[in-house]
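Down below is the structure, laid out as structure tokens.
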Amino acid sequence: MDLKTELTRRLDEALGKYLQAEGADRPEGLAAGIEVPRNREHGDYATNVAMQLARLVKRSPRQVAQEFLTHFDGAGLVGETSIDGPGFINFRLAADATAAVLRRIVSEGAEFGKSRRGAGTRVLVEFVSANPTGPLHIGHARNAVVGDTVARLYEAVGYDVSREYYYNNAGVQMRVLGTTLRLRVDELVGRPVEWPESYYRGSYMIDIARRLIDEVGADQAVDRDDDFYTKYAAGEIIKTIEADLEAMDIGFDNWFLESGIYERGEVERTLDEMRARGAIYEEDGAVWFRATQFGDTRDRVVVKGDGTYTYLTPDIAYNQDKYGRGYDEVVTVLGADHHGQVPSLLAAAEALGHPKETLHYVIYQMVTLLKDGVALKLSTRSGEFITFKEMIDELGAGVVRYFFSMRSPDAQMTFDWGLAKDTSMDNPVYYVQYAHARCCSLMKKAQEEGCPYGGIDAADGTSRADLALLALPAEQAILRALGRLPEAIDTAARELAPHQVCNYLQEVAQLFHNFFTQGNNDPSLRIIQTDKPALTQARLAMIDALRTVLANALAVLGIEAMDRM
RNA sequence: GCCCCCGUAGCUCAGUUGGAUAGAGCGCCGGAUUCCUAAUCCGUAGGUCGGCGGUUCAAAUCCGCCCGGGGGUACCA
């Protein structure tokens, strides 16, 4: 259990006792809120519970705080409490509690930061889902990164996660794709070709045509039916998409074909279910979903006058299919250019009896690419000029992942290509990764200097780390920050907000770089001091924990922590 | 018209769901480093949190209206 959770538990306990002593019932929504004060001088954690109680018991917040503390047990956890400001209760963690963090990090290793909160809950994360009309390009990148990172966050807090890619290999777009392949084949075998107005012009279609000819021979490659060309092209493109995503360590558990929904009659079944629940009516020759009853701004047509579906209908059925496969929570990652249908889909899920909290849409805002002094707006419909693969080849998967994770999905972001290419510490990725590499190099250096790190609980007395020696404010600040990894991950997972992990990493890296560099001015602050083995061991224990924490946080972002740079 | 996201330092953005003196990175200016990686660090300056009202002990945060940027919207895939 992490420190924050433990403190919350004890505060809640104290709150219960306090209310009992007052003979009062717990008011709705009252809880001992806990936060990390902005200002370090106010301690490690603070609660505003006294201010909330003040109104209830009609005494001043500071007085309430004093009474409250008589019910609070901070043994082994809190070193010091104080009542400050308008009535905050501030907690300073006990020194041995911060040192205990190191033991925990060392014993949990790669598991530190994770939790089992979501154990037993199945969640489906659907993302990318670009139709296979061409290779992925830079306009798909934010979706891919946000989706995979959200999935990793769920995994980190114990959920059973599946990643799904949803696509369509029928419809107008796909027919055009098939026609394009037919014509490219004809062209390659020397037939005269007349190009229509609308076809996919990318050279990848020539490659696919060539592959088809190589595979089945020129005779068998020509004069096939449209369906054949469409399926072949889509299949080939899906393969390259899969390979491109693999280059960024993104893999899907399931590739879901839209046509399957129709083949299995799921659209009709879903409509029947909605009808049975009274969510559907007929008017003007069309079938309508009573979406306004479930929070949408207007009712929606689900079957048009000509008997065909609107684009909304199969999407509702697809969500229903996900629930039908036993997922407890369903997450979809969409660009802001596709967010219009979200209220309708939420309404439909609710109409079908699925609690609103189980259906999440992560809507990320548009990206502006800043490259060579030119700003260009990216959407999934634009951006073909840089492919996904070129971007990874040129910048590296880690940089791409960090840059797209760094910003809140809610924020429109500028992707600064020049900064991404920069390999100095101005580039936030390198700043963080270098902190990890620096830890590794310190461990190696210690070895070379003849004072190798002996582990936190080494039996050999000379190399045992005496953690109480880590008493400087800068060291304590680092230890406290390390201890906050679990809550950083947990909050990021709850809020579907990968950028919070980046913020955390930035903070930890900064604390470390600062401390390290101070050793240049003041030799007593250096990590390795051969004449002070006990202190060196203690600091190396901290470095070791730092290394673990940085690596674990980077892992949640899908980024490799490098040992040297 | 209606709906969604955003508006915070010169720039790019945080702000832990209503807390204490609003922060970081970059940039600017000034400084440190016989060094465990100079791929570093420290310091200064820089703010009407888009605007006006409201809610309360407390508002960048919640509510209403307005301004600005982006996106989406009709039995169209």
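Per chain, numbering begins at 1; letters A, B, ... match sequence-line order. Just so it is clear, the values below take in all heavy atoms, side chains as well, and ignore hydrogens, waters and symmetry mates. If you're wondering where the values come from, they're calculated on a predicted model, not measured in any experiment.
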Notebook entry, point to check: Hey, does the side chain of A/S441 come within less than 4.0 Å of B/U37's phosphate (OP1/OP2), counting only N and O?
Noted result: yes

For residues 83-90 of chain A, run the donor-acceptor check on the side chains, cut-off 3.5 Å, and write out each pair with its distance to 0.1 Å, sequence neighbours left out.
residue, atom, partner, partner atom, Å
A/D84, OD2, A/S82, OG, 2.8
A/D84, OD2, A/N90, ND2, 2.6
A/N90, ND2, A/H42, O, 3.4

Next item on the list: Return the set of residues passing side-chain contact (heavy atoms from CB on, under 4.5 Å) with A/P196 (not counting sequence neighbours), or none when no residue passes.
Entry: A/L183, A/Y199

Margin query: Please pick, from B/C3, B/U16, B/C75, the nucleotide with the shortest atom-to-atom distance to any side-chain atom of A/A286.
Written below: B/C75

Next item on the list: From the options B/G71, B/U40, B/A20, select the nucleotide whose nearest atom is closest to the side chain of A/A336.
Entry: B/G71

Note to self: Side-chain N or O of A/Y311 versus OP1/OP2 of B/U73: is the shortest distance under 4.0 Å?
What the structure shows: no

Check: What is the minimum heavy-atom distance between A/T149 and A/V556, and which atoms define it?
Finding: CG2-O, 3.8 Å

Notebook entry, point to check: If you look at every strand shown and take non-hydrogen atoms under 4.0 Å, does A/Q529 touch a base, only sugar-phosphate, or nothing?
Noted result: nothing

Check: Can a donor-acceptor pair be found between the side chains of A/N131 and A/T133 at a distance below 3.5 Å?
Finding: no

Next item on the list: Would you give a per-nucleotide map of nucleotides 26-34 of chain B, 5' to 3', where B means the base has a protein non-hydrogen atom under 4.0 Å away, S means only the sugar-phosphate does, and - means neither?
Entry: SS----SS-

Check: Atom CE of A/M51 to atom P of B/G19: distance rounded to whole Å?
Finding: 9 Å

Note to self: Once you apply a heavy-atom cut-off of 4.0 Å, does A/Q518 come out as touching a base, just sugar-phosphate, or nothing?
What the structure shows: nothing

Item checked: Nucleotide B/C36, atom C1' - distance to CD1 of A/I528 in whole Å -> 5 Å

Check: Rounded to the Å, how far apart are A/F512 CZ and B/A24 P?
Finding: 21 Å

Margin query: If the glycosidic angle sits within 90 degrees of zero it is syn, else anti. Tell me which applies to B/U17.
Written below: syn

Note to self: Hydrogens and angles aside, do A/Y431 and A/Q506 bring a side-chain donor and acceptor to less than 3.5 Å of each other?
What the structure shows: no

Checklist line | B/C36 phosphate, OP1 or OP2, under 4.0 Å from A/K532 side-chain N/O | finding: no

Margin query: Say we look at B/G46 and B/C6: how far apart would their C1' atoms be, to the nearest angstrom?
Written below: 24 Å

Check: Taking CE from A/M366 and C1' from B/G70, how many angstroms apart are they, rounded to a whole number?
Finding: 9 Å

Checklist line | Distance, C1' atom - from B/G10 to B/C52, rounded to whole angstrom | finding: 27 Å

Next item on the list: Classify the side chain of A/H339 versus the base of B/G72 as yes if they form a donor-acceptor pair under 3.5 Å and no if they do not.
Entry: no

Next item on the list: List for me each residue that meets salt bridge (charged side-chain N to carboxylate O under 4.0 Å, His left out) alongside A/R10, sequence neighbours excluded, and say none if there are none.
Entry: A/E6

Note to self: Say we look at B/C36 and B/G30: how far apart would their P atoms be, to the nearest angstrom?
What the structure shows: 29 Å

Next item on the list: Report the distance from atom CG of A/D315 to atom C1' of B/C76, rounded to the nearest whole Å.
Entry: 14 Å

Margin query: Among residues at least two apart in sequence or on other chains, which ones pass ring pair (Phe, Tyr, Trp, His ring centres under 6.0 Å) with A/F127?
Written below: A/F252

Next item on the list: Between A/F88 and A/L442, just flag the one whose closest nucleotide in RNA chain B comes earlier from the 5' side.
Entry: A/F88

Notebook entry, point to check: Atom OH of A/Y504 and atom P of B/G25: how far apart are they, to the nearest Å?
Noted result: 18 Å

Next item on the list: Would you mind classifying the nucleic acid contact of A/A488 as base, sugar-phosphate or nothing, using non-hydrogen atoms under 4.0 angstrom?
Entry: nothing

Notebook entry, point to check: Which listed nucleotide (B/U17, B/A20, B/A74) is nearest to the side chain of A/E495?
Noted result: B/U17

Next item on the list: Enter the distance from A/Y434:OH to A/R564:CZ here, rounded to the nearest 0.5 Å.
Entry: 11.5 Å

Note to self: Filter on side-chain hydrogen bond (donor to acceptor under 3.5 Å, both in side chains), then keep only pairs touching residues 410-423 of chain A, sequence neighbours left out; what's left?
What the structure shows: A/E394-A/K421, A/D422-A/S424

Next item on the list: Could you give me the stems involving RNA chain B, meaning stretches of three or more consecutive Watson-Crick or G-U wobble pairs whose two defining distances are both below 3.5 Å?
Entry: B:1-7 with B:67-73, B:10-13 with B:23-26, B:29-32 with B:40-43, B:50-54 with B:62-66

Next item on the list: Determine the interatomic distance between P on B/C67 and the same-named atom on B/G31; round to the nearest Å.
Entry: 50 Å

Notebook entry, point to check: Considering only the P atoms, how many Å lie between B/G71 and B/G43, rounded to the nearest integer?
Noted result: 41 Å

Margin query: Base, sugar-phosphate or nothing for A/G305? Non-hydrogen atoms, less than 4.0 Å.
Written below: base

Notebook entry, point to check: Starting at the 5' end of RNA chain B, which residue's closest nucleotide do you reach first, A/T47 or A/G340?
Noted result: A/T47

Next item on the list: Please name all residues satisfying side-chain contact (heavy atoms from CB on, under 4.5 Å) with A/E283, sequence neighbours left out, ordered by chain then number.
Entry: A/Y281, A/W288

Check: Do A/Q365 and A/R407 come within less than 4.5 Å of each other through their side chains, counting heavy atoms only?
Finding: no

Check: Do A/D422 and B/A39 have a side chain to base donor-acceptor pair shorter than 3.5 Å?
Finding: no

Notebook entry, point to check: With sugar-phosphate meaning primed atoms plus P, OP1 and OP2, does A/D84 contact a base, only sugar-phosphate, or nothing at under 4.0 Å between heavy atoms?
Noted result: base

Check: Residues in side-chain contact (heavy atoms from CB on, under 4.5 Å) with A/R547, at least two apart?
Finding: A/H436, A/C439, A/C440, A/M443, A/D544

Note to self: Does A/D284 reach a base, just sugar-phosphate, or nothing at all? Heavy atoms under 4.0 Å.
What the structure shows: base

Notebook entry, point to check: With sequence neighbours excluded, what pairs up with A/N552 under the side-chain contact (heavy atoms from CB on, under 4.5 Å) test?
Noted result: A/A110, A/F112, A/L485, A/T548

Margin query: I'd like to know if A/N48 reaches the base of B/G19 with its side chain, counting only an N/O donor and acceptor under 3.5 Å.
Written below: yes

Check: Between atom CZ in A/R59 and atom P in B/C57, what is the gap in whole Å?
Finding: 18 Å

Next item on the list: In whole angstrom, give me the gap between the C1' atoms of B/G18 and B/G27.
Entry: 34 Å

Nucleotides 12-14 of chain B: which of its N/O atoms have a protein N/O under 3.5 Å away?
residue, atom, partner, partner atom, Å
B/U12, O2', A/R407, NH2, 2.9
B/C13, OP1, A/Q412, O, 3.0
B/C13, OP1, A/T414, N, 2.8
B/C13, O2', A/R407, NH1, 2.7
B/A14, OP1, A/S408, N, 2.9
B/A14, O2', A/N503, ND2, 2.6

Item checked: Same-atom distance (C1') from B/C26 to B/C41, integer angstrom -> 16 Å

Notebook entry, point to check: With sequence neighbours left out, which residue pairs that include part of residues 528-542 of chain A fulfil the salt bridge (Lys or Arg N to Asp or Glu O under 4.0 Å) condition?
Noted result: A/E475-A/R539

Margin query: Walk me through whether A/F256 and A/Y318 qualify under ring pair (Phe, Tyr, Trp, His ring centres under 6.0 Å).
Written below: CA-CA 10 Å; A/F256 193 104; A/Y318 177 39; 4.8 Å; yes

Checklist line | Minimum-distance nucleotide (side-chain atoms of A/D337 versus B/G70, B/U37, B/G72) | finding: B/G72

Next item on the list: Using the P atoms only, state how far B/A14 lies from B/U8, rounded to an integer number of Å.
Entry: 11 Å

Note to self: Output the rounded distance in Å from CG (A/D299) to P (B/A74).
What the structure shows: 14 Å

